[in-house]
2 protein chains.
Amino acid sequence: MSATEIREHFPTFEKELIDDIEAKSEIRSFTAGEQLMRTGQYFKSTMLIVEGLVKVYREDDQGNEFFMYYLQPGQACALSMVCAVKQETSQIMAKAVKDTEVISIPLAYMDEWMGKYKSWYHFVLETYRARFEELLVTIDHIAFRAMDERLEFYLKKHVQTLGSKIIPISHQEIADELNSSREVISRLLKKMEQLGKVKLQRNSIEVIHLS
Amino acid sequence: MSATEIREHFPTFEKELIDDIEAKSEIRSFTAGEQLMRTGQYFKSTMLIVEGLVKVYREDDQGNEFFMYYLQPGQACALSMVCAVKQETSQIMAKAVKDTEVISIPLAYMDEWMGKYKSWYHFVLETYRARFEELLVTIDHIAFRAMDERLEFYLKKHVQTLGSKIIPISHQEIADELNSSREVISRLLKKMEQLGKVKLQRNSIEVIHLS
DNA sequence: GGAACAATGTGACAAAAGTCATAGACCAGG
DNA sequence: CCTGGTCTATGACTTTTGTCACATTGTTCC
């Protein structure tokens, strides 16, 4: 990936940093559906998302999953960064939702660049802050909200992230991601449809008006 | 606070860093029950816990609270650190559970010391990692576990943190912290008592044997 | 067009959690 | 000792969520 392309996606990076990234990182591609990270996997690099969309979620020992947030182009995975200090294993799952391209940076440079490039330091700190906030929002929703509200929030987030009011997803998939049951999701969606908030189609949901 | 005392509580800090902390920070004391941080409050400093115990929790707009984790001596608040980049407001509540003493460090030094002292850099990164992990564990418990399991985990955590099998707490307080109802907590505790896991007294719970 | 399969809707029922009401026990202060 | 207040136990009932079972609908492939 050329310096121009890196600058395009990460406009706050200083020139010398971009040159370093160009020289020392590699580009990796993942097709939609492919895993980027698995729970228990050792980190060797940190990833900056360039194209595509990555879903980050938790998985329990029964294989149940719980969606946390998306990583979009211009963002990075905070957990791979924060684990540079110790040889730590991943505590999250990350999967490409769309065909995805990432800049893979060996963890050794994390340390080095933090001291060397102000723009890298700020990018990393901002990444931590943003991910902390995502985690806190996630906690809020499961701690303080009922499933119907959580479902609305989930749909809203999808509209924002995907940039489309039509979400191609089945009720079962939503149930999986919210760690609920398909019937509950179907019923809540049906209720929302009756309230004019959404329009249901097979394998997709059109969001009409959510508050 | 003298250099000796700082070194005692934060043994990984290099000498020059300790001298800087000694020169530029201030010691603040909070009595049990006092707030250290409120949602919406601006950060002016970051805090290292020296003595006591601090409870970190989320509060929703109805005043419902949700316990997340404790900060013990030798630990720091990751969120105050991560907000050094921007003028951000607190998204958490923090309250002294015991009489507490903290080293309060102006946020300006966060930036400076990250580049200047390796031991500070590592301490900060480790703080982020540890707090990320706490948040992920919290999410796991509310996403994947029922209230009885969450209650057991909550009690276990208290035993570990307080270093005593006797937890001085009322059912209502537990209900508040887990954002549940007092009756549910009472019933679950009664069940646990019948299983020989705990012994209930008024305003306190003795943990006998939790897995 | 028919078969197979997956997605969705829905009824019945169960379990978990929450609310309301009330009674009994315990503790502190006068 | 008595009173007031708080903590705890518990029953009745409601709501939310989940499970099971089955039917209907839609899509794809032969």
Side-chain angles (χ1 to χ4, degrees), chain A residues 33 60 62-67 138-155 158 166-208, chain B residues 33 60 62-67 138-155 158 166-208:
Chain A
D60 77 355
Q62 255 78 246
N64 298 313
E65 73 175 70
F66 184 80
F67 168 79
T138 299
I139 286 174
D140 276 3
H141 278 93
I142 40 180
F144 297 126
R145 302 294 170 83
M147 188 59 76
D148 55 351
E149 288 176 291
R150 289 178 54 209
L151 178 56
E152 286 202 28
F153 180 77
Y154 174 88
L155 293 177
H158 270 70
I166 310 225
I167 308 168
I169 196 167
S170 70
H171 300 186
Q172 183 62 60
E173 277 176 282
I174 298 176
D176 289 341
E177 302 210 315
L178 299 181
N179 196 35
S180 178
S181 74
R182 196 273 302 160
E183 291 90 338
V184 168
I185 300 300
S186 292
R187 285 186 167 111
L188 291 177
L189 284 171
K190 188 79 182 188
K191 226 184 329 192
M192 283 169 74
E193 189 179 45
Q194 285 161 354
L195 291 174
K197 297 182 173 188
V198 298
K199 187 165 186 294
L200 301 180
Q201 293 119 19
R202 187 180 171 94
N203 273 322
S204 80
I205 297 165
E206 182 182 348
V207 174
I208 309 285
Chain B
D60 76 356
Q62 256 76 247
N64 298 312
E65 74 176 67
F66 185 79
F67 168 80
T138 298
I139 286 175
D140 277 4
H141 279 92
I142 40 182
F144 297 126
R145 302 295 169 84
M147 189 59 76
D148 56 349
E149 286 177 290
R150 290 178 54 210
L151 178 56
E152 284 202 29
F153 179 78
Y154 175 88
L155 293 178
H158 270 69
I166 311 228
I167 309 168
I169 196 167
S170 70
H171 300 187
Q172 184 62 59
E173 277 177 280
I174 298 176
D176 288 341
E177 303 210 311
L178 299 182
N179 196 36
S180 179
S181 73
R182 198 271 306 158
E183 292 90 337
V184 168
I185 299 300
S186 291
R187 288 186 168 113
L188 292 177
L189 285 171
K190 187 79 180 186
K191 225 185 329 190
M192 282 169 74
E193 189 179 45
Q194 286 162 354
L195 291 174
K197 296 182 176 188
V198 299
K199 186 164 185 299
L200 303 179
Q201 293 118 20
R202 187 180 169 98
N203 275 320
S204 80
I205 296 166
E206 181 183 349
V207 174
I208 309 285

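Since the structure is predicted, the reported quantities are computational estimates derived from the model, not experimental observations. Just so it is clear: chains get the letters A, B, ... in the order the sequence lines come, proteins before strands, and each one is counted from 1.
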> I need the CD-P distance between A/Q172 and D/dT25, as an integer number of Å.
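A/Q172 atom CD is separated from D/dT25 atom P by 21 Å.
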
> Rounding to a whole Å, what distance do you find between B/N64:CG and C/dT19:P?
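These atoms are roughly 10 Å apart.
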
> Side chain of A/R202: nearest nucleotide among D/dT25, D/dC7, C/dA17?
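Selected nucleotide (nearest to the side chain): D/dT25.
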
> Any idea which of C/dG9, D/dT8, C/dT8 is nearest the A/S170 side chain?
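Given the options C/dG9, D/dT8, C/dT8, the side chain of A/S170 is closest to C/dT8.
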
> Does A/Q201 reach a base, just sugar-phosphate, or nothing at all? Heavy atoms under 4.0 Å.
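Contact class for A/Q201: sugar-phosphate only.
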
> From C-beta outward on B/S181, which listed nucleotide comes closest to its side chain: C/dG11, C/dT19, C/dA17?
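Within the option list, the nearest is C/dT19.
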
> Looking at C/dG18, D/dT10, D/dC20, which one has an atom nearest to any side-chain atom of A/E183?
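In terms of side-chain proximity for A/E183, the closest of C/dG18, D/dT10, D/dC20 is D/dC20.
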
> Could you state the NZ-P distance from A/K191 to C/dG9, rounded to the nearest angstrom?
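Taking atom P of C/dG9 as the reference, NZ of A/K191 is at 14 Å.
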
> In whole Å, I'd like the distance from the CD atom of B/Q194 to the P atom of D/dT8.
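Computing the B/Q194:CD to D/dT8:P distance gives 16 Å.
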
> In whole Å, I'd like the distance from the CZ atom of B/R182 to the C1' atom of C/dA21.
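My rounded result for the distance is 11 Å.
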
> Using side-chain heavy atoms (C-beta onward) and a distance below 4.5 Å, is A/E177 in contact with A/Y154?
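Sidechains of A/Y154 and A/E177: in contact.
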
> Does a side-chain heavy-atom distance below 4.5 Å link A/E152 with A/E149?
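Of all side-chain heavy-atom pairs linking A/E149 with A/E152, none is under 4.5 Å.
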
> Just the rounded figure in Å: distance from P of D/dT17 to CZ of A/R145.
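After rounding, the reported distance stands at 13 Å.
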
> Can you check whether A/D60 reaches A/N179 side chain to side chain, under 4.5 Å on heavy atoms?
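No, every pair of side-chain atoms sits at 4.5 Å or beyond.
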
> NA contact type, A/L200, heavy-atom cut-off 4.0 Å: base, sugar-phosphate, or nothing?
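Answer is sugar-phosphate: A/L200 comes under 4.0 Å of backbone atoms only.
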
> Among D/dT17, C/dT10, C/dA25, find the nucleotide with the atom closest to the side chain of A/A146.
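Given the options D/dT17, C/dT10, C/dA25, the side chain of A/A146 is closest to D/dT17.
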
> Side-chain N or O of A/H171 less than 4.0 angstrom from OP1 or OP2 on C/dA6?
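For C/dA6, OP1/OP2 do not have a side-chain N/O of A/H171 under 4.0 Å.
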
> Rounded to the Å, how far apart are A/I174 CD1 and D/dG18 C1'?
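One finds 17 Å between C1' of D/dG18 and CD1 of A/I174, rounded.
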
> What is the ring orientation for B/F66 with A/F144, classed by angle as parallel under 30°, tilted 30 to 60°, or perpendicular over 60°?
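Ring orientation of B/F66 relative to A/F144: perpendicular.
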
> I want to confirm an ordering. Mapping B/I169 and A/L188 to their closest nucleotides on DNA chain D, which one lands closer to the 5' end?
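On the 5' side of the pair lies B/I169.
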
> Counting heavy atoms from C-beta on, name the nucleotide in D/dA9, C/dT8, C/dG18 closest to the side chain of A/N203.
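The answer is C/dT8.
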
> Side chains of A/R145 and A/D140: closer than 4.5 Å at any heavy-atom pair?
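No; the side chains remain at least 4.5 Å from each other.
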
